[in-house]
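Data block below; observations after.
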Amino acid sequence: MNHPQKKKQNKMRLTLPLEEYMHSGHLACQGCGATLAMRYVLKALGQRTALCIPACCWSVIDGPFPYSSLDVPIFHCAFETAAISAAGLKAGLEMVGDHETQVVAWAGDGGTFDIGIQALSGVAERNDDIIYVCYDNEAYMNTGIQRSSATPFGAWTTTTPVKHYKNRPKKDIDAILAAHRIPYVATANISYPEDLYRKVLKAKNIKGTRFIHIYAPCPSGWKTRPEDTIKLGKLAVQTCIFPLFEVEEGSTWKINIKPREKKPVEEYLMRQGRFRHLTAEAIALIQEEVDRRWARLLKYEETSPL
Amino acid sequence: MNHPQKKKQNKMRLTLPLEEYMHSGHLACQGCGATLAMRYVLKALGQRTALCIPACCWSVIDGPFPYSSLDVPIFHCAFETAAISAAGLKAGLEMVGDHETQVVAWAGDGGTFDIGIQALSGVAERNDDIIYVCYDNEAYMNTGIQRSSATPFGAWTTTTPVKHYKNRPKKDIDAILAAHRIPYVATANISYPEDLYRKVLKAKNIKGTRFIHIYAPCPSGWKTRPEDTIKLGKLAVQTCIFPLFEVEEGSTWKINIKPREKKPVEEYLMRQGRFRHLTAEAIALIQEEVDRRWARLLKYEETSPL
Amino acid sequence: MVEIRFHGRGGQGTVVASKILADAINKEGKFVQAYPEFGVERRGAPVYAFIRIDETPIFDKSRIYSPDHIVVLDPTLIEAIDVTEGLKEKGWIIVNTDKKPEELAFPTKYRVATIDATHIALKHQLGTRATPIVNTAIVGAVVKVLDLARLESVIQAVKEGVPLKPEENAAAAKEAYESVVFHS
Amino acid sequence: MVEIRFHGRGGQGTVVASKILADAINKEGKFVQAYPEFGVERRGAPVYAFIRIDETPIFDKSRIYSPDHIVVLDPTLIEAIDVTEGLKEKGWIIVNTDKKPEELAFPTKYRVATIDATHIALKHQLGTRATPIVNTAIVGAVVKVLDLARLESVIQAVKEGVPLKPEENAAAAKEAYESVVFHS
Amino acid sequence: MKKQQPTKKIIFHSEKEMPLAPYSLGSMLHNRTGAWRNIRPEINLENCIQCGICWKFCPDVAIYIENEYPVVDYTYCKGCGLCAEECPVKCITMVEEEK
Amino acid sequence: MKKQQPTKKIIFHSEKEMPLAPYSLGSMLHNRTGAWRNIRPEINLENCIQCGICWKFCPDVAIYIENEYPVVDYTYCKGCGLCAEECPVKCITMVEEEK
Amino acid sequence: MRKVLMGNHALSYGAMLSRVQVVAAYPITPQTQVVELLSEMCAEKILDAQFIKVESEHSAMAACLGASLAGARTFTATSAQGLALMHELLHWASGGRLPVVLGNINRAMAPGWSIWTDQNDSLSQRDTGWMQFYCGSNQEVLDSVIQAFKVAEKLHIPAMIILDAFSLSHTYEIVDVPDQEKVDKFLPPFQPKFRLTPDEPHAFGGLTSPEHYFELRYKLQKDMEKAPALIEETGQEFEELFGRKLGLVDPYKCDDAEIILVTSGTTGYTARVAVDHFREKGLKVGNLRIRVLRPFPFEKVQSILSHAKKVAVIDRNISYGHHGIFYQEVKSALYGNSSVPVFGYITGLGGRDITLNTFQKIIEETQRNETPPERISWIGVKK
Amino acid sequence: MRKVLMGNHALSYGAMLSRVQVVAAYPITPQTQVVELLSEMCAEKILDAQFIKVESEHSAMAACLGASLAGARTFTATSAQGLALMHELLHWASGGRLPVVLGNINRAMAPGWSIWTDQNDSLSQRDTGWMQFYCGSNQEVLDSVIQAFKVAEKLHIPAMIILDAFSLSHTYEIVDVPDQEKVDKFLPPFQPKFRLTPDEPHAFGGLTSPEHYFELRYKLQKDMEKAPALIEETGQEFEELFGRKLGLVDPYKCDDAEIILVTSGTTGYTARVAVDHFREKGLKVGNLRIRVLRPFPFEKVQSILSHAKKVAVIDRNISYGHHGIFYQEVKSALYGNSSVPVFGYITGLGGRDITLNTFQKIIEETQRNETPPERISWIGVKK
Ligand SMILES: Cc1ncc(C[n+]2csc(CCOP(=O)(O)OP(=O)(O)O)c2C)c(N)n1
Ligand SMILES: Cc1ncc(C[n+]2csc(CCOP(=O)(O)OP(=O)(O)O)c2C)c(N)n1
Ligand code: SF4
Ligand code: SF4
Ligand code: SF4
Ligand code: SF4
Ligand code: SF4
Ligand code: SF4
Ligand SMILES: [Mg+2]
Ligand SMILES: [Mg+2]
């Protein structure tokens, strides 16, 4: 290794703690965003954390029995049960005298927006004391790229072939959770790790149900270049396709990043194989919807507390 | 019968059509609001309607095999499946050439807010072409009054004994459905049958997922006098505990009735055995929450389209 | 083994009556089994409850089709349904009514006892005129007519078994015990 | 019965190669069975595919442990794993490489054939330098070395079996068929 | 709406008479829910203003209209008292059933 | 973070050696994912401004810090190219692996 | 203390006395009283437990699994549709080796909706890896809960306590409710062999390849095979403390019986009345009530039944396209061990009552024929 | 046309050729290709169907029930956890007499997560009132779908087509894909005996009291009992048109066999190789592949097996606390009909491969012993 001992010995400027609770050797694809999401979240939560992971890419990424890539305990739970498994686990830990461990449900978009929404809604209604993290790669990736209700309008997946591309907008899970009036809802993005880290820390210090929705690009499923993962995350925010915001008690909305100039969605879409078939008209439709959602968000913030 | 043939023969002034699709002999308790809800909805929809009814009081009210109280076909479906059973039925009817029949999922609050919310959310996301009616009696009544997430704060049920009365607010299902951006969401109330009727007619002429949430008092479960059913419905609106409003495309909010003077919630609560244990402090809390919700609703309307 | 069927209306506490009776029997050291009709109960609609009493443990878990005695909590039921269905000969029919046994038109193969439980209930402030709570009074009468338990056991069972007004209910049971009209 | 194992990396179309080969065999009127490794595939990670070929219907549904021949789509795998595991004596090892068979250090009990499929693929504009799409070329070489099917069948199977660029892929298969280096 | 006619109970003597699946074959009109009643509504038509409110709010569809006036169908009326409560001119009285 | 040490695979010779339920007993560090790599990142430390971005964005935790400089751990680096792409001074180059 | 309790309350008392720590349940007729009483016990602080009032049975079981994995003693109760909705999670409990105890009220499966008893709901779960205890009385219900926790926790295998809808769930019987102190002595706190804690971070239930899965499941079966002896032992220990015994099976006058009825649930108690009735008539009838279906009590069933001249298995259930499930299980267990003719009767589906008369028909038909005339004999169907 | 198809695509082709009208499904490994191809067929308008892309398997089956009740031909596919999640609704399909056809890829149940084959998922549904067809090849998969619709719709009973994960689902085999025209001749449009329509408004599935439930379920079983003959008949009719025959069972060299293996799924095909292998060595072995588990083919199994000297049942499944499920079913069927010693082997759980070597051990053990030395003999466990 050609280590430049000669250069003057500045400190590395790290914006996140050095501690790692996720280790190498895991089974994610090259350039996987979901993996970064885990890495950052655990940096914020630390070792006294327990995860409930339903079926999703992460149930593979972590590694097969008898291995695990993480330094925290995991309950690999049934697909539809992330939230309630966590709530059950929390209750159990409390009853055996552990009042400290932060219990986290860690699920993909399918496990959150679709098959897991009922358990999540139940937990939110009871305000059970867990953090729910949804890492959103916008399709069922672990089973090979099928549409979920998080899949955006226009996208190709294996169940929405280009001739029948997804023709419904992405389900607005954040608004749905906000409507549950839980103490904390936030969106985050692996391309903004400091913001993500801050939000998880904030969530950690709140009691009740906290929901964090993390944008996590998936090169394999989106047909993008692995090295574009961070770029895509930034574009998602700059185009306002995936705005960063927080909602407290379902009523106080705060947008964290407002791009000075919104980039056109096309810039975002055209980097991705899953959108390559889109016509100019379809892209215009998407732009419209993005604008509408952004305007709505601005209004929410403006009229807060709602 | 002492029929006054003598009096001058004015026409009865009926505000709803005469046709009945629900008949006597059904098994509802005396003064049941859920029954009125069905009666009115069918008046609006007419005979070319098919119902999917999951487990709920209505699966008993209608009558046991081999009977039915209704003139329309019913699929008594599994508890958690009202919405998707209806969507499946609709798809099947379409494929066998029936494009006309209006398919309605008809569920209680438990079947909607709790165990059925996932299927409902899925249907809403796909915008499947059904009307979903939730008649809300604010608890699991068919099984003997257990709390649901529609049970209001403060209420007694058999699973929320007075010493542990329900300590979470009623889940805001309308906001949740509005966040799904379906074409039509409306609240209605059996004490305002003309408004209810109008809303169902309106829903009938929209394509896609339509959600109608009907307030339906339950004397047996609320420990109220059967003859108070209509009165309670009116009080619920006059106190703004259950406001009447419509949301189109999840963005245009319209309040249908704004009481000139909001009545205090106490007036509503104190007529009901299920609230009788409440202290003045608890009632004040409830008043506060109702005020907050009402203010929010006004704001939604004001800033429409959101 | 004694088998009894209770007739009442939804909301009248028919099942509670059978349960309280069972409690009283238990206090006597005897064996007992009580169960409601296995169905949907609605206020006002006819309902049933059943009880089996024996000196030895009861293994029979089938339903009762031919009761030894019947108890009628609401006299209007006599018109509405056939309360004597399956009733064994010489069986007691214990009716809540202000009439005397002989005023009721039951076949003579049955024995009839009457108790004005409604009157007693109202006297002890149990329920309202439209819906008097007669079940505890009825239990008192039944125990007396069929000689099933000591009054103390009944009173104790009543006090423990009712959700509200234990004293009033106990008093009603006692009064009924003492005033039931029958000729055995 | 002939049993072949394919070695490749996730993303290289290893399974497609075996499927196209199966199609070609089918066109010959022979019987065939092909299957991928039963696991999780990740881009870059070593993957396997298997094929059984016979003149009569194939009933054996167990996995292949001792292949008659192996095919290696990515030469770096030779370092990473033991590609010859279970390979029968005299079995062919068909490798995508620009080397000659004798330059590869396999035990002499095996026979070795080489084909520069990467070069052929790039020449026919299949994939990029970093990730050339070599699977159709490989199929051409395999069919030739093992004499499994006529070239026409392979070309037809390739054209029908690839999602894009049928002509280019067919040309690559043909070129590989014709240029594979082996001494049988 | 006309007065409804009570129907007969459907009785199956053997499985052969039964349908393949549990689906309905008749209405609930055999079920004379009037027997559930403790108190009965009586309409004083003298004062009735024909507003139809009693008809509209009856959960048991037990008020029908004859000659433009409301009539209680005692075969089915469960005696909930809603009609009496809601009648704007209070011309319906709830009377105790005879025992 | 220090350089991680590859571990050994866990091999059970009999069911008796296995735990009661399927729970983990070790890390994934035996899994040398470097073998998946097609192209390798090479850091030219001369130009490195020690910003830590490459470290921060590596999904495989395959960059560690030694003497205040980033070092690629080729045992695990899968060659995704993110570090090179995100390095603000472009001092990381992706180089083809030798075949 | 001798109390008059409905079966559902016997379940709740059993759970309370077992000091359950987490309860997660969802209401369903005819189970509701179980949950209601537990709610009240929590409200009244008689029971120190977290009660998660979930939004479905599916979540009920999922919550139980999480809690159990944390090392808490965990209980739920359900019936029919609710049990069916838990099905996937039932597999999870056994495969995950989480000793949850579940009370199930036997109710017939929809459609049409039924709230009445039959065994198809719990028997449809016979292949999910749970122990199954079928109860005949409310006393047995209460006692079984306590004993089930003991066995389940020792083996890390979940257990189901099963009782008939209404004939037990809603039927008041006299139940001796044991002292808490004594129960504590019998059932110490749950000491799991593994648990989820950050102190020793394991990943539970990760992807398990063909290399490992088989052995893990072999272990589960091997532990299941320990259950019969353990259940008998636990029953004896319980008897020593409480004077009541429960075993794998409950034979009644089987020793010299020529016809042995094989029964379960409340049917197994009514059968005693029938046995006595026929004995009075001079017919040597006996009754073998199967209390534990999983693990199947092979030895007991084989040794008791092979003495008989004829065996009549009574099923309040059916595996459509096959026949009665107890019938199948018993024949399978006897195969190669005995050649006694085994008759199969199906009766009482959907809550049709099983009475002395039912047994009369069964015993008469069994007497009349040398071997079963038909694959299934239906008793009480209106044909 | 002879095509090289993976088993999953054979399922999709079967559904397409059956002209299914409503499909509702949810992805799960190893089933995904079924749904993906059907999506594509709809997009390409090769298939005129409504495809409801539901949010869970639970909803998949519920949607199918609604559609089937409307009178549409309805199809879904799933595996393991997905099938388990449908469990309640499976009862609904049979009780409601809705002839949905479902393709299930046999995969081992979690936890630990497995995507590999064993039969516990579908066998856990043996008591739900569905017909179950276990397939041995992709050709059989395609043919079974078409035949299953015919049988299911005639009887108003749902049917499950079952194939092993990977060894069929992902394995390419040569499949003769029949002409649409001929299939149409074989399988006319669905003509239900009842359907939901406002023209004839019935309430389906209402509360069914003890007075009625029993008879309705009796009818279901009686119709199930018609299935064996109908399946054989339908298989013959199919043979006449397409030249391929499928029956209840697939016996291979059983006539003179001394040891008969009882197998299912792909194991039933590998077994043929073993049979030939041992026959060459002079051992008279035969193989009885059970294709239809529900309804259970009592007559066939009895008549074929009772000729043997020994029977070895091979289970890629287990009912924990009991033993192998096919073993149980076969013994139960033979009880009273035969006294041939029946050996029970469990192997291949969680995708462990079943090879010639597996059979070698099984046959040797069966040869070696007069009667089964143990209740279960485990083949291939690392002990
Ligand atoms: C009940 C059930 N249905 C289906 C599956 C199959 N399944 C496993 S992971 C997965 C997709 C998960 O998608 P998502 O939650 O978005 O996570 P991702 O794989 O994209 O990370 C599916 C459908 C399952 N395990 N369980
Ligand atoms: C899976 C399942 N769980 C539980 C039940 C029991 N159940 C039947 S109706 C009902 C309550 C329904 O409540 P709601 O939807 O509010 O309707 P209501 O009875 O109040 O009219 C419950 C819990 C069931 N039928 N199925
Ligand atoms: S499929 Fe996507 S989300 Fe899953 S591991 Fe690969 S890159 Fe990550
Ligand atoms: S319990 Fe309530 S909702 Fe149900 S029938 Fe009675 S009054 Fe109506
Ligand atoms: S009392 Fe009630 S049921 Fe009777 S007519 Fe009036 S509203 Fe109808
Ligand atoms: S509500 Fe009164 S006034 Fe109106 S129609 Fe009825 S009886 Fe007449
Ligand atoms: S190429 Fe990718 S895996 Fe390798 S060090 Fe850079 S970021 Fe990490
Ligand atoms: S990103 Fe580039 S400049 Fe920054 S630390 Fe890494 S190598 Fe150095
Ligand atoms: Mg996803
Ligand atoms: Mg309700």
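Chain letters run A, B, ... following the sequence lines, proteins first and then strands; every chain starts at 1.
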*Sidechain-backbone polar pair: H:Ser306 side chain, H:Ser338 backbone, donor-acceptor under 3.5 Å*: no

Chain G heavy atoms under 4.5 Å from [X]: which part of the residue, side chain, backbone, both or neither?
X        : answer
H:Trp92  : both
H:Glu329 : both
H:Arg97  : neither
H:Ala108 : both
H:Val340 : both
H:Ser94  : neither
H:Asp353 : neither
H:Leu123 : backbone

_Given heavy-atom pairs under 4.5 angstrom as the criterion, report whether the side chain, backbone, both or neither of G:Ile325 touches chain H._
side chain

*Between H:Gln81, H:Arg126, H:Lys382, H:Glu225, which shows the greatest number of heavy-atom pairs under 4.5 Å with chain G?*
H:Arg126

*G:Lys383 atom NZ: more than 12 heavy-atom contacts under 6.0 Å*: yes

